[in-house]
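Below: one structure, written as structure tokens.
Per chain, numbering begins at 1; letters A, B, ... match sequence-line order. Note that this is a predicted model, so its numbers are computed, not measured.
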Amino acid sequence: DTGVSQDPRHKITKRGQNVTFRCDPISEHNRLYWYRQTLGQGPEFLTYFQNEAQLEKSRLLSDRFSAERPKGSFSTLEIQRTEQGDSAMYLCASSLDPRETQYFGPGTRLLVL
Amino acid sequence: KNEVEQSPQNLTAQEGEFITINCSYSVGISALHWLQQHPGGGIVSLFMLSSGKKKHGRLIATINIQEKHSSLHITASHPRDSAVYICAVSLQGAQKLVFGQGTRLTINP
């Protein structure tokens, strides 16, 4: 197993377009987390899944954001009608147990023009 | 006021110096994490601790639960230690991590 992977690594889009990011967690991990990090700041929690169930969503996750984990394996994060303020690094992490270390993917850097 | 505060925000030192980065938090936690982030974004977990002290190579992490404070120490610092170091806490009864704003460390040769 090569760890948590994310695709794409970079995305440039025009304001108003929709974008979708994918995260593949470590295979036996049932918990999957999405975070957002803007330049010079620490990451902020967006949402998390236990298996296929989305158990918590941050108030940062507006109606334009949706996340899924349909089979309890990979997850997608979609942003509709992107805005310049959505420009950030989107990080995915997974863990086997909430008391265990979270393993982070390399992130997807989004730039909205 | 942020729930997790780190100091300093930026730290520049010479190779070989002893480095200390501090983290204070204001909420009940089940664990505290120290993370390392290199340019390009990848985050690596260094330590997860809920009490006492942990050591890995030249890195030492301590936590004082009563004072709600943790420190990350680097002995014999090296230019390859240059990175952003992030403190994060697992809130009691919650799954998510809450992060500090990070400390940018630069070690000059």
Inset, instruction - Name all pairs fulfilling the disulfide bond (SG atoms under 2.5 Å apart) condition that reach into residues 75-105 of chain B, sequence neighbours left out, sorted by first residue then second. - result: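 For residues 75-105 of chain B: B/Cys23-B/Cys87.
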Legend entry - Candidate pair B/Leu97 and A/Tyr35, rule side-chain contact (heavy atoms from CB on, under 4.5 Å), full reasoning: CA-CA 9 Å; B/Leu97 294 179; A/Tyr35 299 95; 3.7 Å; yes
Does [X] belong to the same Ile/Leu/Val/Met/Phe/Trp/Tyr cluster as [Y], with side-chain heavy atoms less than 4.5 Å apart forming each link?
| X | Y | value |
| --- | --- | --- |
| A/Tyr103 | A/Met89 | no |
| A/Trp34 | A/Leu91 | no |
| B/Leu105 | B/Leu46 | yes |
| B/Ile107 | B/Leu59 | yes |

Legend entry - Contacting region of B/Gln37 [heavy-atom separation from chain A under 4.5 Å]: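 Just the side chain, heavy atoms under 4.5 Å.
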Legend entry - Contacting moiety of B/Ile86, where chain A heavy atoms sit under 4.5 Å: side chain
Inset, instruction - Could you tell me whether the side chain of B/Ile43 reaches within less than 4.5 Å of the side chain of A/Pro43, counting heavy atoms only? - result: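 Result yes, sub-4.5 Å side-chain heavy-atom pair found.
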Tell me if the [atom1] atom of [X] is crowded by more than 12 foreign heavy atoms within 6.0 Å.
| X | atom1 | answer |
| --- | --- | --- |
| B/Lys68 | NZ | yes |
| B/Glu15 | CD | yes |
| A/Leu39 | CG | no |
| A/Arg15 | CZ | no |

Any chance you could measure [X], atom [atom1], to [Y], atom [atom2], to the nearest 0.5 Å?
| X | Y | atom1 | atom2 | value |
| --- | --- | --- | --- | --- |
| A/Gln37 | B/Phe99 | CD | CZ | 8.0 Å |
| A/Gln102 | B/Lys96 | CD | NZ | 12.0 Å |
| A/Thr101 | B/Phe47 | OG1 | CZ | 11.0 Å |

Inset, instruction - Tell me the residues of residues 45-64 of chain A whose non-hydrogen atoms fall below 4.5 Å from those of chain B, in number order. - result: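 Residues A/Phe45, A/Tyr48, A/Glu56 are the ones that qualify, each having a heavy atom under 4.5 Å from chain B.
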